[in-house]
Amino acid sequence: DPEAKAGRAQAALLARLGSIDPTAVLARAAEAPSDVAAQLAAADTELMGGAPDLAFARLVELIRNTTGAERESVRVRLLELFETVGPSDPSVLKARRALMSALF
């Protein structure tokens, strides 16, 4: 059920964001571009801040620059964020194309 998937993804996003300081999260990500955890947190923050294109681009770039288990964890998070926004959203469609390019 697409609505259930979206609801679960939104709940997971809210749980991850908890009581974070968005400014600090984005600053940390800017300081550490190869820190997967920092980049994932920044993408969550950007998505909740209404900038899905930035969040998706951040994670696609991270996929290009990681391998193995790190790459897979980023890919899974990106797919989860796609569910949060909705599969027919134009930003998701654009990011899916970029993801395919990054993977192959």
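Clustering ILVMFWY residues whenever any of their side-chain heavy atoms sit less than 4.5 angstrom apart, transitively, puts I20 in a cluster other than the one holding L26. Using a 4.5 Å cut-off between side-chain heavy atoms of Ile, Leu, Val, Met, Phe, Trp and Tyr, with links allowed through other members, V85 and L17 fall into the same hydrophobic cluster.
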Kindly determine whether L59 and L40 satisfy side-chain contact (heavy atoms from CB on, under 4.5 Å), including the steps that lead there. CA-CA 7 Å; L59 296 185; L40 291 173; 3.8 Å; yes
Decide salt bridge (charged side-chain N to carboxylate O under 4.0 Å, His left out) for R28 and D35; before the verdict, give the C-alpha distance in whole Å, the side-chain angles of both, and the deciding distance to 0.1 Å. CA-CA 9 Å; R28 172 72 183 130; D35 182 336; 2.7 Å; yes
Run the numbers on M48 and D44 for side-chain contact (heavy atoms from CB on, under 4.5 Å), then give the verdict. CA-CA 6 Å; M48 283 303 292; D44 287 347; 5.8 Å; no
Could you walk me through whether V92 and E83 pass the side-chain contact (heavy atoms from CB on, under 4.5 Å) test, one step at a time? CA-CA 9 Å; V92 171; E83 289 294 331; over 6 Å; no
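Residue F56 holds its CZ atom at 9.0 Å from CZ of R96, rounded to the nearest 0.5 Å. Note that the CZ atom of F82 and the OG atom of S91 stand 8.5 Å from one another [nearest 0.5 Å]. R64 CZ to R71 CZ: the interatomic distance, rounded to the nearest 0.5 Å, is 9.5 Å. Rounding to the nearest 0.5 angstrom, the gap separating the CD atom in Q10 from the CG atom in L81 is 11.0 Å. Between atom CG of residue L62 and atom CZ of residue R77 there is a gap of 11.0 Å, rounded to the nearest 0.5 Å.
The two atoms that bring A29 and A38 nearest to each other are CB-O, 3.7 Å, heavy atoms only.
Put simply, the residue from V36, V60, N65 that forms a side-chain contact (heavy atoms from CB on, under 4.5 Å) with V74 is V36.
The backbone N or O of A32 sits less than 3.5 Å from a side-chain atom of Q39, completing a donor-acceptor pair.
Salt bridge E80/R75: absent, no basic N to carboxylate O contact under 4.0 Å.
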Side chains of residues 97-104: which donor-acceptor partners sit under 3.5 Å, not counting sequence neighbours?
| unit_1 | atom_1 | unit_2 | atom_2 | d |
| --- | --- | --- | --- | --- |
| R97 | NH1 | L93 | O | 3.4 |

